[in-house]
Each structure stands twice: as structure tokens, then as C-alpha cells.
Amino acid sequence: MTAPSPASSVATGPPPQGAPEAGAAPEKSPAVGPPLWLLLELTYRCPLHCVFCYNPTDMPRTGAELGTAEWLRVLREARAAGAVQLGLSGGEPLVREDLEELVREAHGLGFYINLITSGVGLTEARIATLKAAGLDHIQLSFQDSTRQMNDFLSSTRTFELKSQVAGLIRAHGYPMVLNVVLHRLNIDHVGEILRMAERMGAQYVELANTQYYGWAWLNRAQLLPTREQLQRAEAVTQAFRERVGARMKIYFVVPDYFETRPKACMNGLGSVFLAVAPDGTAMPCHAARMLPGLNLPSVRTASIRNIWYDSPAFNRFRGEGWMKEPCRSCPERGRDFGGCRCQAYLLTGDPDNADPVCELSPHHGQVVAAVAASAAAAAATGGGTERPLIFRDHRVSIDITAGPAGGGA
Amino acid sequence: MSAAGAVPEPGLAGLDARPAIAAGMRLQWEAAQDAHVLLYPEGMVKLNPSAGAIMSRCDGQRTVADIVADIERTYDLSGLATDVRAFVALALQRGWLEQAT
Ligand code: SF4
């Protein structure tokens, strides 16, 4: 036995906003490993209508939700294929009345179960049942600490309810984990958000900047913060960290538009992450539906093992064969895998291109221009919004998809 | 991405400490990875065999001295105390383990 080192490898499941983990290192093995992280988007139904939601803009076109028996089968097959981290999200997963049953089965199978919720629908009775069923972890998402802003951003009054939910989460012995989505309209409130998180007894706070897919893509011009806002928010966060010390862990995820290298999105598509949409569509990332020609498989007609190992969609971006220049010959390609395929597609029209967040990309100018446009728009409107934000509801969704522009993609 | 800072040297855990898997984390054997893994919210650590041997004995009952003795007996080795204490200190610092009270 040699001197113990902490771990032979660390695989960080890719949460929606990519919380950083010190020492995280993707395994560089050419062999395809198991789908360690399974995300089930149980429903698109959601009582909120958030402007930054990354659910697809063609929501009404997606088919009927899987039934309980089908989700149970997905859980069993995925666990047999090696999945171990389970995320249950939506929409709002609490809308599903069989959530407790799914959690019970998943726990029995040995999953570590994360519930990602807005908190709407989480009652004392439900949290007690979920806890007894084996739910390991709850992530509460919060849009803002000021009710006015919160109501504005989600088109509904949820602020006080969430404070109550935070109390329930703590009372049931869960760590209080708060995810706050930042953007131009709330980023100046970051100090207030952190103080509120402290009052709620939050132990972990993720300040995640919006990723520009789905609804957020349509609203990008209104949501992208300015560089000055970002610097102020980071300074406020740092001062707060120094005051609270180890009591509260705060992650501040800078929007990648302000970076010069892309994030290692999903550790590369098809390496650890498998998401299943409400209608059973299996996806190598939760936004992959937008990618052209992917022909995503469905759990209704194929097994998880088959989908993960054999489907063309999950093999499409494995390895490096798909890469174009400058990634193809770049010494950094093993680290970031060329960045996000969806962002490459949205901004350049070709998912095989380098993520234009990378300053080596010939399309990087588009990202620079978007940041500049955001600064100009913010200056022109005093930080407000000059175009009405598009809220997520079925009616708007139909308007968008019925138009000749075809869903903004 | 700015959570990771300079990490102080964790040192050695006391021989009479009774470490336990931290609340909210779970250690389990994963046949698919042929390893012990430590599961925590939205992440996991795949442990090497040595780390797995130590962590799987951290039940909040046994002291570090007990764990050293048990591992030395099981693997027919000696002189592991320093390595085990260093690992336990590191795991405590990372929040994988906590002190049972
Ligand atoms: S050129 Fe491609 S591989 Fe190289 S750093 Fe940029 S995105 Fe990453």
C-alpha cells in the first residue's frame, strides 16, 4: 500500500451553471466511461415564468411527459449503466405528483439525489416524505432578494414563499444551498442577495450568471451585464466572503462572455452527462436540442445503455475528430474540448467551430460586440431595459415557433 | 470561477480523533468504477484504493488509531500511522470527513 493520496480522480458532475470544484480534473481516457451524471427534467410545467430559463423556446411542440413507469425504467437502466449522481429538475419537479415515488426508487438503487427546485409546491408534508424516501440534497433557486425585482423577473409573487421554504429545508437537516441567477437587472443587488442568504442560514451560495441559451438567448441584449457591473459585483462578493469566512461558501461564476477561454462544457459532450427531457428525449447536454442534425434518441424507444454507447447523437462530439481549426491543432483542446457546442452553433452557425468565447476563435468578435452592445444599451437606458423582456409562457412560445424565424436558432 | 484559494497545509490528524463521513455526503462502492466514491451535492470524488480503505472505516466510532491498526492488520503492513493521519487531516480540511462529537 502506497502513501494515500486523496483521490485518483475527481469527476464533477456538471450542474447547470458549473460550480467550480478545486482539483476537478476530467479523465483523459479515450474509452467511453459511464454516464455518471443523470439529469431528469421531469416536466416543463412550471409555476414561474423566468426570463433566463434555458428550457427550449419551442416548449409546446415537445411531446407528452413520460409516465411514472417510464421514469422508473430510466432510473433502473441508468443506474445499471453506472449513473450515480441524479438531478431532478424541470420546469418545476414538484409539479410531478410521483416525485416521491421516483425518489424512493432512485434511493433504493443507490443514486445520490439532488432536487433542483424553485421551492413552489414544497410543503412541510412533501419535504418530510421526500426526506424519508431518501432525497439527499436540495438546491433552491432564487431570482433576487428584493421582492419587487423577484416578482418582476418571474412574473409571480414567490419571494416570501421561498423564505419559508428555506426554513423548511433547514429544519429537515439539509444544507441550505441557494442558487441565484445573475444578470444585468439584478447583479447590482448582489450585496443584498448575500445578506439575505446569510439571514436564511445558507451554507452555499452559487451566484451564477445566466447562460445564453433558450429564453435567455432571446433576451441576451437585456440580460448581459456590463463589465463594470461585473467588477463591482465581484468586489462586493469578495468583501462579503472575507466577513463571513467559512460559514458560507460563495461561488461566483463569471459569465463566459467576459472570458478569453471557454468553459470545458460538460467535460465534453458524451463524457459524463446524460439528460432526459420530459418527453423522453435523451440529450448530451440540456440545451442540445438546438443543435442541428443531432437526431436525439428517445428513452421511449431505446435503452439508456444503447443511447449512451451506441447512438450517433452521443458519439457525435466524443473525441477530437469533429473539431475544426483553431481547436483541432490547439494545445489546449484536451482541457476545454473547444468549449460549448451550443454556443458555437448559436453564434457561428456551426456546432463544430470553436466556442467564440475563445479569443483564438475567428468569431470572437461577436462576443466582444455583444459585451459592447450591452454596455451601450445599459448606458442609454440607465441600466434598465429598452426592449420588453420575453417571459416564458406557452402563448409566447407559440408565437415564437410559429414565426418564420423558427425559434431563434 | 473563484472559489479556490491558497490551501494551508492540513498537517496530521490526532490519533484519538473519531472521523465520520461529513453530513450530506455518502461513501459507497461503485462496481462500475471499481472504486469507492464519495458523493456530495452535484459532484463526486473517485477514491483510490488507499483513500477508500481509510474512508470506509471512518464511522465516527473508531479512532484514527483504531483505523490505522485495522488497515495494518487487513493488509499485513506496518508504519502507516503518518500516512493515515495526513490523509484524515486532508479529508477533514476538504470537508469530506467531520469530527464525531
Ligand atoms: S482554440 Fe479551441 S481548444 Fe484552443 S483554447 Fe480555444 S476553444 Fe479551446
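Here is how names work: the chains are called A, B, and so on, in the same order as the sequence lines, proteins then strands, and each is numbered from 1.
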- prompt: Any idea which of B:H36, B:E30, B:M55 has the most non-hydrogen atom pairs under 4.5 angstrom with chain A?
  reply: B:E30
Distance-minimising heavy-atom pair for A:G82 and B:A32: CA-CB, 3.7 Å
message: Looking only at heavy atoms and a cut-off of under 4.5 Å, which of A:L86, A:V84, A:I138, A:D136 has the most pairs with chain B?
response: A:V84
field: ring-ring contact (aromatic ring centres under 6.0 Å, His included) partners for A:H137, two or more places apart
entry: none
message: Working to the nearest 0.5 angstrom, can you tell me the gap between B:R26 CZ and A:I113 CD1?
response: 7.0 Å
task: Kindly compute the distance separating OH (A:Y112) from CD (B:Q28), expressed to the nearest 0.5 Å.
output: 10.5 Å
